[in-house]
Peer 1: 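Mind having a look at this structure? Questions to follow.
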Amino acid sequence: MEPKDWPGHIWLEGRTSVHLRSHQTRPSHMPRGPAAKTGEGFLNPAMAPARTRSVMLLADAIENNWLVPEGKTIRALDALCATGVRPRRWRKEIPFQDRLRITANDLDSEALQWAKESHRVHPVGDKLEWTPEPSRFAREQEGVVEDGIHWIEGDAIRLMVQAPYQWIDLDPFGSPVNFLDSAIQSISRVGVLEVTATDTAALCGSAKTSALRRYGSVGITDYYMHDDATRILLGTIARIAAMHDKSVHPILSLFDGHHVRVTVLLKRSKEEATDWQDNIGYRIRSEPYHFAKQPERDYSGPMWTGPLCDSEIAGRMTVERAIELCAGRPEDLPEEWNDIDIEHSQREIERSVRYISQSAELLSGEHLLVAVDSLGVAAGVGQIPSMKKMKSGLEDAGYRMARCHMPEAMFATDADWDTVLKIAKSAE
Ligand SMILES: C[S@@+](CC[C@H](N)C(=O)[O-])C[C@H]1O[C@@H](n2cnc3c(N)ncnc32)[C@H](O)[C@@H]1O
């Protein structure tokens with residue numbers, strides 16, 4: 001039976017044909033914002049860049065063998081897949097399908113019907129077949145495998161308790177805290193957890209009571225609140241992981257528009273997990289801010305104060321790679337698409353990874369994050385210096401500087417604050 005309102009209208013996300021509901025307007029080339037307008041459980045085009053990065057990271061793990069040894073397969077679960085766009089993109093756009101076992105789960109039967117019907121109407125067509133392994137508690141695994149995706153309709157928490165995965169994606173409405181414990185337990189000895197959080201008011205510190213309740217954290221709404229949000233989520237994951245003898249190694253951590261998205265490698269290691277607090281602290285508001293082990297005066301946290309990404313993996317997330325993997329090819333394009341649609345879609349793929357590879361090295365180590373808008377007042381100059389001038393000034397002085405993938409103009413540098421101010425003054 002066809003789902004209600006089927007087929008809606010067809011859109012291309014990455015290289016994958018998706019069905020939008022009839023009332024959903026055609027996405028612009030840079031859709032942003034929460035899914036409220038599209039209806040719960042339905043495809044939010046604003047999340048396309050996060051899904052593109054997910055395709056790239058999973059492809060990178062297989063291609064560069066940093067998760068499982070060469071030749072072995074990765075069991076990947078999209079635990080809250082809604083209309084199945086992410087698992088369908090993993091299936092269609094990742095080149096090494098024989099090394100992937102994709103499971104897609106959701107509680108919402110209507111969303112899942114859209115997912116399966118979309119997959120049936122737009123098959124990958126490589127005749128990939130596999131049989132799911134039985135779960136810890138049942139002789140047979142539930143759900144069905146269709147054209148290489150194992151679809152399950154059920155509670156994500158129950159599913160994660162029943163079966164181990166090496167890659168889990170959590171993309172809930174609002175806060176992911178309800179799902180973290182079971183996902184971390186489900187992850188094998190070494191595995192990747194990808195987490196989206198849209199409760200940014202709590203993570204950024206404006207919803208103070210929910211911040212304290214969910215994350216045990218305090219925030220300050222200033223230039224650095226988006227970085228804080230990412231670090232508070234990472235700190236929460238590290239704390240729960242440590243309870244299960246697992247250590248956390250960030251691969252990519254971003255604040256993108258209306259959500260936080262982090263991808264971490266989890267490793268079972270009692271020794272490393274015991275030291276989890278080495279990377280936990282507070283951001284102390286001073287000029288410039290600094291991290292400290294204990295809160296003092298104006299502060300936000302507790303939060304993760306360690307590296308935000310893996311320099312090698314994030315360093316490979318280039319625009320060229322994004323286009324190569326995820327840009328629509330002639331055979332993928334919907335019939336009614338014109339040149340403008342094609343150009344917009346290409347630009348969105350580029351935007352998904354903008355500044356990531358260039359800033360990977362700095363963000364994987366100790367760095368100073370600088371909000372360009374704060375420099376006018378801090379340096380006592382009438383005009384805010386341009387990013388370009390700051391970059392050439394800092395590099396000429398022998399420092400590294402890279403713009404970051406942030407909602408505002410921000411850069412990371414290994415220069416000290418006095419040097420940054422000196423260059424801001426001379427850039428006037
Ligand atoms: C934000 S949507 C997911 C969007 C999706 N990942 C995408 O990229 O389009 C959250 C989904 O979580 C599902 N959900 C909520 N609680 C769940 C649970 N306990 N188990 C399984 N699915 C659940 C909802 O039905 C909804 O489809």
Side-chain angles (χ1 to χ4, degrees), residues 3-4 8 11-21 24 27 31-58 76-93 102-119 122 135 142-143 149-163 165 167-186 193-200 254 256-263 326 348 352:
K4 203 173 103 213
W11 189 251
L12 191 70
E13 186 180 300
R15 296 192 54 216
T16 305
S17 299
V18 298
H19 286 249
L20 300 172
R21 288 196 135 180
Q24 277 185 269
R32 282 165 197 269
K37 288 186 213 98
T38 58
E40 293 215 332
F42 275 82
L43 175 66
N44 180 4
M47 289 296 201
R51 290 186 284 258
T52 295
R53 292 188 291 268
S54 176
V55 168
M56 294 180 74
L57 286 170
L58 185 46
L77 167 69
D78 188 343
L80 311 161
C81 76
T83 52
V85 189
R86 189 187 330 269
R88 292 189 54 238
R89 290 195 58 188
W90 286 343
R91 174 78 179 95
K92 165 94 181 176
E93 297 168 36
I102 298 171
T103 302
N105 174 75
D106 204 279
L107 260 186
D108 182 334
S109 58
E110 200 189 338
L112 215 54
Q113 253 186 316
W114 277 71
K116 288 198 218 172
E117 195 61 23
S118 307
H119 196 48
H122 310 279
S135 77
E142 60 192 299
I149 297 184
H150 180 198
W151 299 101
I152 301 182
E153 183 182 324
D155 177 18
I157 295 179
R158 192 181 55 93
L159 177 63
M160 292 187 291
V161 168
Q162 286 181 354
Y165 293 93
W167 192 287
I168 296 184
D169 197 289
L170 293 179
D171 178 13
F173 297 122
S175 173
V177 287
N178 291 349
F179 299 99
L180 288 177
D181 192 89
S182 23
I184 288 167
Q185 289 195 60
S186 171
L193 179 63
E194 297 203 281
V195 182
T196 305
T198 57
D199 57 336
T200 51
L254 294 176
D256 194 357
H258 71 292
H259 68 278
V260 178
R261 174 91 173 157
V262 300
T263 302
C326 301
E348 185 186 76
S352 310

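Note: hydrogens, waters and symmetry copies are ignored here, and every other heavy atom, side chains too, is used. As the structure is a prediction and not an experimental result, all values here were calculated from the model. When a ligand or atom number is given, it counts from 1 through the structure's own listing order.
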Peer 1: Number the atoms of ligand 1 from 1 as they appear, then name those within less than 4.0 Å of a heavy atom of C81, with their elements.
Peer 2: 5 (C)
Peer 1: Of all the heavy atoms in R51, does at least one lie under 4.0 Å from an atom in ligand 1?
Peer 2: yes
Peer 1: Applying a strict 4.0 Å limit to heavy atoms, is D155 in contact with ligand 1?
Peer 2: yes
Peer 1: Is it true that A111 lies under 4.0 Å from ligand 1, counting heavy atoms only?
Peer 2: no
Peer 1: Measuring from atom CG of D169 to atom SG of C81, what distance do you get when rounded to the nearest 0.5 angstrom?
Peer 2: 10.0 Å
Peer 1: Run the contact test for G84 against ligand 1 with a 4.0 Å cut-off on heavy atoms, strictly below, and give the result.
Peer 2: no
Peer 1: Is any side-chain heavy atom of T263 less than 4.5 Å from a side-chain heavy atom of R53?
Peer 2: no
Peer 1: Atom CE of M56 and atom CD of E93: how far apart are they, to the nearest 0.5 Å?
Peer 2: 11.0 Å
Peer 1: Counting only nitrogen or oxygen atoms and a 3.5 angstrom limit, does L107 reach ligand 1?
Peer 2: yes
Peer 1: Measure the spacing between CZ of R261 and OG1 of T196 and express it to the nearest 0.5 Å.
Peer 2: 4.0 Å
Peer 1: Are the side chains of M47 and V85 in touch, meaning some heavy atoms are under 4.5 Å apart?
Peer 2: no
Peer 1: Output the distance between atom CD (E142) and atom CZ (R158), rounded to the nearest 0.5 Å.
Peer 2: 4.5 Å
Peer 1: Does any N or O of ligand 1 fall below 3.5 Å from an N or O anywhere on L43, backbone included?
Peer 2: no
Peer 1: Tell me whether the rings of W90 and W167 are parallel (<30°), tilted (30 to 60°) or perpendicular (>60°).
Peer 2: perpendicular
Peer 1: Using side chain to side chain contact (heavy atoms under 4.5 Å, CB included) as the criterion, point out the one residue from N105, T103, L112 that pairs with W151.
Peer 2: L112
Peer 1: Quick one: does H122's side chain get under 4.5 Å of T16's, heavy atoms only?
Peer 2: no
Peer 1: Could you tell me which atoms of ligand 1, counted from 1 in the order shown, lie closer than 4.0 angstrom to a heavy atom of D171?
Peer 2: 1 (C), 2 (S), 3 (C), 4 (C), 5 (C), 6 (N), 7 (C), 8 (O), 10 (C)
Peer 1: Pick one of side chain, backbone, both or neither for how N105 approaches ligand 1, counting any non-hydrogen atom pair under 4.0 Å.
Peer 2: side chain
Peer 1: Please state which part of A156 comes within less than 4.0 Å of ligand 1, counting heavy atoms only: side chain, backbone, both or neither.
Peer 2: both
Peer 1: Could you list which atoms of ligand 1 come closer than 4.0 Å to a heavy atom of G154?
Peer 2: 20 (N), 21 (C)
Peer 1: Hey, what do you get for OH (Y165) to CG (L159), rounding to the nearest 0.5 Å?
Peer 2: 4.0 Å
Peer 1: What are the atoms of ligand 1, with element, lying closer than 4.0 Å to any heavy atom of R86?
Peer 2: 6 (N), 8 (O)
Peer 1: Hey, looking at atom 14 (N) of ligand 1, which of L80, L112, L159 has the closest heavy atom?
Peer 2: L80
Peer 1: Given T198, D108, D106, which one has a non-hydrogen atom that is nearest to atom 27 (O) of ligand 1?
Peer 2: D106
Peer 1: Would you check the N or O atoms of T83, main chain and side chain alike, for any that come under 3.5 Å of an N or O of ligand 1?
Peer 2: no
Peer 1: Heavy-atom contacts with A82 under 4.0 Å: which atoms of ligand 1 show up? List them by number with element.
Peer 2: 3 (C), 4 (C), 5 (C), 27 (O)
